[in-house]
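First the proteins, then the strands, lettered A, B, ... as listed; each starts at 1.
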Number of protein chains: 2
Amino acid sequence: MVQASKSPGPAAESSSRCCAGLEDLLSPRLFKALSDPRRLQLFVRLAGEGCACTVGQLADGSGVDLSVVSRHLAVLREAGVISCEKRGKEVWCTVQTGEVAGILRDLADALDACCPPGAAGEPAAH
Amino acid sequence: MVQASKSPGPAAESSSRCCAGLEDLLSPRLFKALSDPRRLQLFVRLAGEGCACTVGQLADGSGVDLSVVSRHLAVLREAGVISCEKRGKEVWCTVQTGEVAGILRDLADALDACCPPGAAGEPAAH
DNA sequence: CGTATAATTGCATCATGGTGCAAGCAAGCA
DNA sequence: TGCTTGCTTGCACCATGATGCAATTATACG
């Protein structure tokens with residue numbers, strides 16, 4: 001929303017020779033979802049519990065209101081970190097371990113393929 | 001700061017059998033650093049430029065004040081995403097591709113080793 | 001020295017986001 | 001139908017964070 005559409009920008013963008021697909025892999029939404037300690041706590045808790053909990057179960061012992069947990073889970077869900085399924089009155093949340101792990105690996109691969117040592121821009125002595 | 005020290009908590013934490021080291025790998029600081037679109041833009045730009053730029057170079061064409069860029073770079077540096085080296089008057093920033101990729105891979109591995117399908121908590125039909 | 005350049009930091013302002021309470025909605029049950 | 005439970009959403013409040021301008025520090029140059 002802020003970064004518009006790739007934003008050609010006034011400055012020279014000609015040097016995008018490497019790290020081509022990096023930008024597409026870096027999703028602010030994903031990182032924003034994992035940037036909050038409370039959400040991270042819920043994430044770990046959800047993973048530790050066997051990757052499936054109801055909102056109420058996660059709220060128990062979290063120290064915050066159930067509405068807060070509900071909102072945090074919504075953020076995680078919109079980021080694709082977890083998925084939720086309604087069964088009766090309850091909503092069961094599941095960690096998307098495979099999906100998230102895949103994204104992180106793609107990102108790691110893109111980074112490794114990026115910026116070869118002594119590629120360019122590095123000043124020798126100046 | 002918020003999550004205290006592992007927080008034994010009132011609720012049952014007995015089910016931390018899996019995803020043991022997951023919590024230690026999930027650093028709010030790292031994700032927070034990558035959660036801002038502007039910082040992500042600087043990150044991509046820095047990677048695309050050959051992984052080495054001065055603060056001024058990054059500020060050019062970024063559309064924001066140099067002080068803003070400086071602050072964003074500080075956040076990235078404190079998160080270990082980049083490293084900065086002062087040479088003369090200028091500060092050269094470098095993307096820590098290997099470090100970041102390593103962290104992401106460790107996290108991906110931990111997630112894959114986590115939550116085996118049909119482990120527990122999953123309701124069959126209820 | 002004094003000046004210019006590069007970058008950081010202080011300060012004020014504004015936007016975003018986390019939180020709790022209460023109301024609303026959906027689903028099961030008597 | 002009325003009631004209870006599980007969860008979501010609206011609203012207000014407060015903390016955090018992003019931004020721009022100005023002042024400060026550090027380094028190079030004359």
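OP1 or OP2 of C:dG17 lies within a sub-4.0 Å distance of a side-chain N or O belonging to A:K32. B:R39 has a side-chain polar atom (N or O) that falls below the 4.0 Å cut-off from OP1 or OP2 of D:dA18.
DNA chain C is contacted by no residue of residues 73-84 of chain A, taking any non-hydrogen atom closer than 4.0 Å.
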May I have the list of side-chain donor-acceptor pairs in residues 66-77 of chain A shorter than 3.5 Å, sequence neighbours left out?
unit_1	atom_1	unit_2	atom_2	d
A:S67	OG	A:D65	OD2	2.8
A:H72	ND1	A:R39	NH1	3.2

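Rounded to an integer number of Å, the gap from B:Q57 CD to C:dA7 C1' is 13 Å. One atom, CG of A:L66, and another, P of D:dT8, lie 8 Å apart when rounded to the nearest Å. Here the C1' atom of nucleotide C:dG17 and the CZ atom of A:R29 are 15 Å apart, to the nearest Å.
Across all strands shown, the partner of C:dG17 is D:dC14, judged by Watson-Crick or G-U wobble contacts whose two distances both fall under 3.5 Å.
The salt bridge (charged side-chain N to carboxylate O under 4.0 Å, His left out) analysis of residues 95-110 of chain B, with sequence neighbours excluded, yields the pairs A:R105-B:D109, A:D109-B:R105, A:D112-B:R105.
Counting only heavy atoms from C-beta outward, the side chains of A:I82 and A:T94 never approach each other to under 4.5 Å.
Partners of B:Q96 under the side-chain hydrogen bond (donor to acceptor under 3.5 Å, both in side chains) rule, at least two apart in sequence or in another chain, are B:S83. Listed by chain and number, the residues in a side chain to side chain contact (heavy atoms under 4.5 Å, CB included) with A:V91 are A:V55, A:C84, A:K86, A:C93 (sequence neighbours excluded).
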#### Entry: Annotated protein contacts, base or backbone, on nucleotides 19-26 of chain D with a non-hydrogen cut-off under 4.0 Å, one of B, S, - each
BBB----S

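Expressed to the nearest 0.5 Å, how far CG of B:D60 lies from SG of B:C53 amounts to 10.0 Å.
When A:L107, A:L104, A:L30 are each tested for a side-chain contact (heavy atoms from CB on, under 4.5 Å) with A:L25, only one passes: A:L107.
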### Message
Apply side-chain contact (heavy atoms from CB on, under 4.5 Å) to residues A:E23 and B:F43 and explain how you reach the verdict.
### Response
CA-CA 9 Å; A:E23 189 170 5; B:F43 181 77; over 6 Å; no

